[in-house]
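Just so you know, residue 1 is the first one in the sequence shown, and it goes up from there. Ligands are counted one by one from 1 in listed order, and the atoms in each one are counted from 1 as well.
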Amino acid sequence: MLAIIGGSGLTTLSNLDVSRREVVRTPYGEPSGALVFGQICGRPAMFLPRHGYGHTIPPHMVNYRANLWALHHHRATGVISVASVGGIRADLQPGDIVIPDQIIDYTWGRKATFFEGNGSPVTHVDFTEPYDRELRTRIQEAGAALGIEMKVGGVYAATQGPRLETAAEINRLERDGADLVGMTGMPEAVLARELGLPYAAISVVANHAAGRGDSANGIQFSSLEHVLHEAMGRVRSVIERLVGCQNGTPPMGMSV
Ligand code: HPA
């Protein structure tokens, strides 16, 4: 069953026909909220809002370990992470959807591994390709089938937050090779990898990054809310298609 972690702009999954909610206790504490189980056009799926149902958990306080552990425990077969980002690369405009293929991690002080404590052996997972290639292709194909434009590939810079970046920090991220910036991509991606869970991200550009484009003199999220809202509608359609919806009827023999 596919799991979807929703971020800012996607705190509920309106196309999910909810069958039950479950509060999951984990060895790492509480996940961001109850796991929601249901069906998207007849295909089973589960959903978790990263920032909680009231959008009260800031990026540096999200219990990423509990979230990923809970999804894995409930037999997720893959995780699609949806999150809003700032666009650094010149061609990225608010409302654009990007499927990143690389990450640079600038976060600090977050619990970023399951392999510590309780005599756990020192373990170094391979993270050369941080996002699952097959899942990325499936997202890409779902978008293509619907004629929804998505930018394929991009380097995601994970910053600590919750404050936004300075213009100089964005210049530095660009020099480092980053195309987009967000606050939640890590350690989520690596924790999924440690659990062997295929993980890919759908990033929605909410704003030009600090010092760029419309954000040359500051970032005004409020004026861009409608853009994010509309883009999340497209993301929902992509997710529907990805799980196998076709004109409302799932094809036979496809597993999610
Ligand atoms: N920076 C970091 N995280 C973000 C941004 C940004 O500009 N926009 C949305 N999430």
Side-chain angles (χ1 to χ4, degrees), residues 4-12 32 48-52 54-64 67 80-110 112 130-131 150-151 153-190 199-236 238:
I4 295 122
I5 303 180
S8 304
L10 197 80
T11 43
T12 58
S32 297
L48 181 64
R50 185 183 290 110
H51 300 287
H55 205 265
T56 51
I57 310 171
H60 64 296
M61 295 186 75
V62 169
N63 191 340
Y64 296 96
N67 286 353
I80 306 262
S81 153
V82 182
S84 66
V85 294
I88 301 177
R89 208 171 66 204
D91 67 300
L92 295 181
Q93 301 297 323
D96 282 354
I97 300 175
V98 187
I99 311 169
D101 61 355
Q102 277 296 333
I103 299 177
I104 304 177
D105 186 9
Y106 299 91
T107 65
W108 49 269
R110 302 182 182 189
Y131 299 108
M150 293 190 290
K151 306 221 156 138
V155 178
Y156 176 108
T159 56
Q160 177 70 358
R163 68 166 176 83
L164 291 156
E165 299 73 33
T166 66
E169 285 170 337
I170 293 299
N171 290 339
R172 173 196 166 199
L173 298 186
E174 185 171 51
R175 286 195 299 275
D176 284 357
D179 299 306
L180 32 145
V181 56
M183 301 174 189
T184 56
M186 283 295 283
E188 202 172 81
V190 75
Y199 175 97
I202 302 180
S203 301
V204 180
V205 180
N207 56 284
H208 287 110
R212 303 292 161 104
D214 306 340
S215 306
N217 299 310
I219 297 176
Q220 306 294 336
F221 278 123
S222 51
S223 63
L224 294 166
E225 254 166 38
H226 65 285
V227 178
L228 186 60
H229 184 75
E230 183 278 327
M232 286 300 174
R234 278 180 278 136
V235 170
R236 281 194 190 92
V238 169

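- Summary of contacts: the protein heavy atom closest to atom 4 (C) of ligand 1 is Val181 O, 3.6 Å.
- At a heavy-atom distance under 4.0 Å, only backbone atoms of Val85 (N, CA, C or O) approach ligand 1.
- Remark: ligand 1 and Gly86 share an N or O pair separated by less than 3.5 Å (distance only, no angle test).
- For the pair Ser215 (side chain) and His208 (backbone), a donor-acceptor distance under 3.5 Å is present.
- Taking the side chain as every heavy atom from C-beta outward, Leu10 and Arg236 approach each other to under 4.5 Å.
- A donor-acceptor pair is defined here as one N or O able to donate and one able to accept, closer than 3.5 Å; no such pair exists between the side chain of Glu165 and the backbone of Ile170.
- In this structure a side-chain-to-backbone donor-acceptor pair under 3.5 Å is present from Arg50 to Val82.
- If you number the atoms of ligand 1 from 1 as listed, the ones under 4.0 Å from a heavy atom of Gly182 come out as 2 (C), 3 (N).
- Not one N or O on the side chain of Arg110 forms a donor-acceptor pair closer than 3.5 Å with the backbone of Val62.
- Taking Asp105 as the reference, Thr107, Ala158, Met186 meet the side-chain contact (heavy atoms from CB on, under 4.5 Å) condition, with sequence neighbours excluded.
- Among all protein heavy atoms, the one lying closest to atom 10 (N) of ligand 1 is Ser84 O, 3.4 Å.
- Side-chain atoms of Asn171 and Arg212, non-hydrogen and from C-beta on, do get closer than 4.5 Å to each other.
- The closest protein non-hydrogen atom to atom 7 (O) of ligand 1 is Asn207 ND2, 3.0 Å.
- Any N or O atom pair closer than 3.5 Å counts here, and Thr159 shares no such pair with ligand 1.
- The protein non-hydrogen atom at the shortest distance from atom 6 (C) of ligand 1 is Leu164 CD2, 3.4 Å.
- Of the protein's heavy atoms, Glu165 OE2, 3.2 Å lies nearest to atom 2 (C) of ligand 1.
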